There are 2 protein chains.
Amino acid sequence: MTRMTRQRAAVAEALDQQDEFRSAQQLHEVLRARGDSVGLATVYRTLQTFADAHEVDQLRNADGEVLYRRCERVEHHHHLVCRSCRRTIEIDGPTVEAWAAKVGAAHDFTDIDHTIELWGICKDCRG
Amino acid sequence: MTRMTRQRAAVAEALDQQDEFRSAQQLHEVLRARGDSVGLATVYRTLQTFADAHEVDQLRNADGEVLYRRCERVEHHHHLVCRSCRRTIEIDGPTVEAWAAKVGAAHDFTDIDHTIELWGICKDCRG
DNA sequence: CGATTCATGAGAACGATTCTCACGCTTGAT
DNA sequence: ATCAAGCGTGAGAATCGTTCTCATGAATCG
């Protein structure tokens, strides 16, 4: 059973205030700046817990760093993220979903999981 | 200009002998076992160089480790990888390619790049 | 109000990858 | 071939994100 603690509430709140994907360290810094100090290890653990519960989305940037974000839609979806400012657009992809399932089945693979993320430069960062 | 060295030839050859995606450390071990010893740092550098030149494909597993593989097809493609044995099927995805480009354009993002990999369990590993 | 047990935090530990830098080898010109 | 120029190499140190340890703190349940 998961317990409700000040730290978890703080991490959840900090996440809600973010529009873009953030790393554990960035969130830790946000919390520190707000005065809601939470240990770094706890931030990592909490984010992992949230991710396992599908309460936050997680992805890796090109450097392999894990980023977290509380998305609008709960249903499975993908992201179009600006490489520069990390502005994120949530996209749902019935098309690719079906494609992924079909490809998996065609090659007799089961438990298909997919990593589908789009990166680009958004309008504002292009200037 | 890139020079041809014993080490690079050895890494290239070791790569060619692999059917599945391998990490830099695994390849380093393969080289050591073959007697073609190459420094670990060099293996990393060489693989990076090959990847930059699009001579090998690279992707990250769930743990964030980077894996390399010399694929059959040179043209852009994606992979369906067995989570257990890493058996890899190369798939080309005009469907998703078009989808990715369309989504990017629709949201006014440029320099679209995408990460599209499929993971599953292959027939043999299902036993 | 306990007792139980999960949660926390500081710092150590980890693990993949990169960096440093002195030395060696490939290369292109001679 | 010979040689100078400079990229490539290797061993180990350094990085850096992330996880682990373990003693202490605090939800939760009866």
Side-chain angles (χ1 to χ4, degrees), chain A residues 1-15 18 20-53 55-69 81 83 86 115 117, chain B residues 1-15 18 20-53 55-69 81 83 86 115 117:
Chain A
M1 67 232 59
T2 20
R3 293 179 178 176
M4 175 53 76
T5 63
R6 173 184 71 77
Q7 290 84 343
R8 286 186 181 162
V11 171
E13 198 177 319
L15 265 171
Q18 309 301 311
E20 279 79 38
F21 273 95
R22 301 291 183 208
S23 68
Q25 312 227 24
Q26 285 178 318
L27 287 165
H28 177 248
E29 181 51 37
V30 166
L31 288 162
R32 215 170 57 72
R34 297 199 333 181
D36 273 335
S37 192
V38 173
L40 180 57
T42 299
V43 173
Y44 273 103
R45 273 185 300 236
T46 304
L47 289 172
Q48 194 55 64
T49 301
F50 286 173
D52 289 346
E55 285 170 28
V56 299
D57 280 13
Q58 80 190 138
L59 55 78
R60 281 178 196 279
N61 65 14
D63 295 333
E65 206 176 4
V66 179
L67 307 180
Y68 300 87
R69 179 175 190 262
V81 186
R83 265 192 295 270
R86 290 188 182 166
T115 301
E117 305 295 347
Chain B
M1 64 233 62
T2 22
R3 294 179 180 179
M4 175 54 74
T5 63
R6 173 184 72 76
Q7 290 85 343
R8 286 184 182 163
V11 171
E13 199 177 318
L15 266 172
Q18 308 302 310
E20 280 77 39
F21 273 94
R22 302 291 182 209
S23 68
Q25 313 228 21
Q26 285 178 318
L27 286 165
H28 177 248
E29 182 51 36
V30 166
L31 288 162
R32 215 169 57 72
R34 298 200 332 181
D36 272 337
S37 191
V38 174
L40 181 57
T42 299
V43 173
Y44 272 103
R45 273 185 298 233
T46 303
L47 289 172
Q48 194 55 64
T49 300
F50 285 174
D52 290 346
E55 285 170 28
V56 300
D57 281 14
Q58 81 190 136
L59 56 77
R60 281 179 196 278
N61 65 13
D63 296 332
E65 206 177 2
V66 179
L67 306 180
Y68 300 87
R69 179 175 190 264
V81 186
R83 265 191 296 269
R86 288 189 184 167
T115 300
E117 306 295 348

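The structure presented is a predicted model; accordingly, all values stated were derived computationally and were not measured.
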* **salt bridge (Lys or Arg N to Asp or Glu O under 4.0 Å) against B:Glu13, all qualifying residues, sequence neighbours excluded** => B:Arg34
* **Estimated bend of the helix from C:dC1-D:dG30 to C:dT30-D:dA1 (axis per five terminal pairs, rounded to 10 degrees)** => 40°
* Asked: Going by heavy atoms in the side chains, are B:Tyr68 and B:Val66 under 4.5 Å from each other?
  -> yes
* Tell me whether the OP1 or OP2 atom of D:dG10 has a side-chain N or O from B:Thr42 closer than 4.0 Å. => yes
* Apply the test side-chain contact (heavy atoms from CB on, under 4.5 Å) to residues B:Leu67 and B:Arg86: give CA-CA distance (whole Å), side-chain angles for both, the deciding distance (0.1 Å), then the verdict. => CA-CA 10 Å; B:Leu67 306 180; B:Arg86 288 189 184 167; 3.8 Å; yes
* OG/A:Ser37 to CD/A:Gln7 distance, rounded to the nearest 0.5 angstrom? -> 9.0 Å
* Do B:Arg60 and A:Thr115 touch side chain to side chain, with heavy atoms closer than 4.5 Å? -> no
* Structure fact -> Rounding to 0.5 Å, atoms OG1 (B:Thr46) and CD (B:Glu55) come to a distance of 11.0 Å
* Which parts of nucleotides 18-30 of chain C does protein reach within less than 4.0 Å, heavy atoms only, written one letter per nucleotide 5' to 3' as B for base, S for sugar-phosphate only and - for none? -> BBB----BBS---
* To do: Search all heavy atoms of B:Ala24 against all heavy atoms of B:Val43 and return the closest pair with its distance.
  => O-CG1, 3.5 Å
* Asked: Going from CG on A:Asp36 to CZ on A:Arg6, what distance comes out if it is rounded to the nearest 0.5 angstrom?
  -> 6.5 Å
* Length of the CD-P vector between A:Gln7 and D:dT24, whole Å -> 18 Å
* **Spacing of A:Phe21 atom CZ and A:Gln58 atom CD [to the nearest 0.5 Å]** => 9.5 Å
* Asked: Between atom CG of A:Leu15 and atom CG of A:Leu47, what is the distance when rounded to the nearest 0.5 Å?
  -> 5.5 Å
* With no hydrogens and no angle check, is any side-chain donor or acceptor of A:His28 less than 3.5 Å from a backbone partner on A:Val38? -> yes
* Asked: Which parts of residues 20-32 of chain A get close to DNA chain D, meaning a heavy atom less than 4.0 angstrom away?
  -> A:Gln25
* Asked: How would you list, by chain and number, every residue that makes a side chain to side chain contact (heavy atoms under 4.5 Å, CB included) with B:Arg22, sequence neighbours excluded?
  -> B:Gln18, B:Glu20, B:Gln26, B:Leu27
* What residues in residues 58-67 of chain B put a non-hydrogen atom under 4.0 Å from any atom of DNA chain C? -> B:Glu65, B:Val66
* **Distance in Å, A:Thr49 OG1 paired with A:Arg8 CZ, rounded so as to fall on 0.5 Å steps** => 5.5 Å
* To do: Specify the separation, in whole Å, of atom CZ of A:Arg8 and atom P of D:dG25.
  => 19 Å
